Amino acid sequence: MARKVFVLGEIRDQFLRNVSFEALAAGKIISEGGEVVAGLIGENVRTLANDMIYYGADRVVIVEDEKLKYYSPDGYSQAVMAIIDSEKPDAIIFGHTALGKDLSPKIAAKLNAGLISDATAVEIVGGNVVFTRPIYSGKAFEKKIITDGIIFATVRPNNIPPLEKNESRSGEVASISVEIKDLRTIVREVVQNAAEGVDLSEAKVIVAGGRGVKSAEGFEPLKELASVLGGAVGASRGACDANYCDYSLQIGQTGKVVTPDLYIACGISGAIQHLAGMSNSKVIVAINKDPEANIFNVADYGIVGDLFEVVPMLTEEFKKLKI
Ligand code: FAD
């Protein structure tokens with residue numbers, strides 16, 4: 001059954017986040033040969049429309065307004081609802097990001113629609129759109145369908161592979177004008193905090209440190225390894241609580257949920273709350289002095305040793321590979 005799917009592109013610092021392209025790939029599957037309409041919301045976003053088309057959108061609808069420069073639930077929900085009212089999609093896909101997590105329930109409530117959040121895969125089975133999502137902190141997966149009304153889901157970053165970029169694709173880019181009003185919150189400025197380099201939630205490689213790193217300076221070898229691998233640095237709550245690093249790096253049940261291709265856990269014991277945020281990583285390497293550490297139960301490769309010896313050795317070897 002051909003469907004019209006609306007995919008929200010997500011912009012940060014004037015660039016489209018990768019999850020936008022992954023959401024387009026999900027949209028393509030759901031459309032079953034129908035139409036994928038991308039939405040872009042912001043201040044000057046038209047220049048990004050082509051990229052949405054190259055990655056699978058058939059058309060792009062833009063809502064531009066200076067009041068939409070930064071995300072606000074009121075402003076974005078007015079813009080999104082205007083696109084939905086004019087496009088009348090059969091399905092809607094957002095990224096499962098801070099923005100998507102905040103906005104999607106608000107939109108679902110306005111539409112009186114069901115919402116499947118944090119999907120890691122989507123497929124068509126017997127004509128139904130079936131989403132897979134983790135439950136019990138990633139220990140099990142459930143398959144879900146929406147049986148009635150609009151299909152609405154958020155997709156977890158780094159799980160659904162984007163389509164290959166195809167610069168020969170073309171499509172219409174249209175603007176709709178929306179009067180953005182009654183904003184109850186206005187974001188004046190966004191100040192970046194400790195967000196150097198690669199975005200943690202979209203990183204393909206994460207080098208994470210725990211209390212075993214012992215100090216803020218102890219994170220330096222981890223930063224070097226992450227930089228050689230083109231990855232990001234993450235942390236356990238133990239390391240954040242000990243003030244070795246900023247809470248924005250925390251991974252786990254009360255931190256970020258990540259699914260990189262490679263997760264290197266250094267001096268992290270593997271508490272259940274930490275595993276909740278990283279156990280679905282594709283390959284897990286654990287470095288720990290304690291051979292009994294729980295992290296080895298989820299690791300694909302384990303190195304029993306002192307991280308201050310092992311991490312610099314890995315960095316030197318990866319440098320030789322010139323990744
Ligand atoms: P530790 O458990 O102290 O482990 C340190 C490890 O480092 C040890 O295994 C030790 O063998 C090893 N080590 C020490 N020195 C070295 C060395 N030189 N080389 C190699 N290894 C070394 N935790 C999270 O991470 N994320 C969360 O989101 C989170 N949410 C929570 C929510 C709740 C409600 C609660 C109650 C707890 C939560 N926690 C969370 C905390 C969690 O229970 C653990 O306390 C925490 O993950 C422990 O951090 P850690 O592994 O860095 O420290």
Side-chain angles (χ1 to χ4, degrees), residues 96-98 100-102 117-118 120 133-140 156-159 193-195 199-203 205-226 228-229 231-260 262-318:
H96 193 68
T97 56
K101 283 188 253 187
D102 192 56
S117 72
D118 202 16
T120 52
R133 63 183 299 276
I135 49 172
Y136 303 123
S137 299
K139 283 204 209 67
R156 183 184 282 198
N158 260 341
N159 278 265
N193 186 11
D199 178 0
L200 193 54
S201 53
E202 293 195 343
V205 177
I206 293 177
V207 182
R211 228 188 311 251
V213 165
K214 294 192 174 67
S215 65
E217 297 71 47
F219 263 92
E220 290 306 320
L222 278 62
K223 286 182 187 164
E224 207 186 327
L225 177 57
V228 167
L229 293 172
V233 173
S236 70
R237 177 155 147 189
C240 301
D241 283 346
N243 236 344
Y244 302 162
C245 61
D246 192 88
Y247 278 102
S248 62
L249 302 188
Q250 185 184 320
I251 291 163
Q253 186 183 312
T254 43
K256 293 196 168 82
V257 175
V258 296
T259 34
L262 174 61
Y263 189 89
I264 306 179
C266 311
I268 294 177
S269 59
I272 186 78
Q273 295 90 353
H274 186 74
L275 303 188
M278 48 63 75
S279 61
N280 291 320
S281 303
K282 293 184 187 84
V283 175
I284 298 172
V285 176
I287 304 165
N288 199 302
K289 282 205 300 203
D290 174 8
E292 302 296 324
N294 191 46
I295 192 77
F296 289 126
N297 291 326
V298 296
D300 300 284
Y301 300 94
I303 303 173
V304 178
D306 184 335
L307 71 93
F308 294 106
E309 288 171 22
V310 176
V311 171
M313 279 157 70
L314 287 176
T315 305
E316 285 315 306
E317 289 304 313
F318 283 124

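Keep in mind the model is a prediction, meaning the values are calculated, not measured. Both ligands and their constituent atoms are indexed starting at 1 by order of listing.
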Write out the protein residues near ligand 1, meaning a non-hydrogen atom under 4.0 Å from one of its atoms, in order of chain and number.
-> G210, R211, G212, K214, S236, R237, G238, Q250, I251, G252, Q253, T254, G255, G267, I268, S269, A271, Q273, H274, N288, K289, D290, G305, D306, L307, F308

Pairs under 3.5 angstrom only: tabulate donor-acceptor contacts from the side chains of residues 273-280 to other protein residues two or more places apart or in another chain.
from, atom 1, to, atom 2, distance (Å)
H274, ND1, I251, O, 3.2
H274, NE2, Y263, OH, 2.9
S279, OG, L275, O, 3.1

Nearest heavy-atom approach of V298 to I284 is O-CD1, 3.6 Å

Donor on one side chain, acceptor on other, T259 and N158, under 3.5 Å = no

Check: V207 and V311 side chains under 4.5 Å, non-hydrogen atoms = no

How would you list all residue pairs meeting salt bridge (charged side-chain N to carboxylate O under 4.0 Å, His left out) that involve residues 270-296, not counting sequence neighbours?
-> D261-K282

Set of residues satisfying side-chain hydrogen bond (donor to acceptor under 3.5 Å, both in side chains) with respect to N297, sequence neighbours excluded | N294

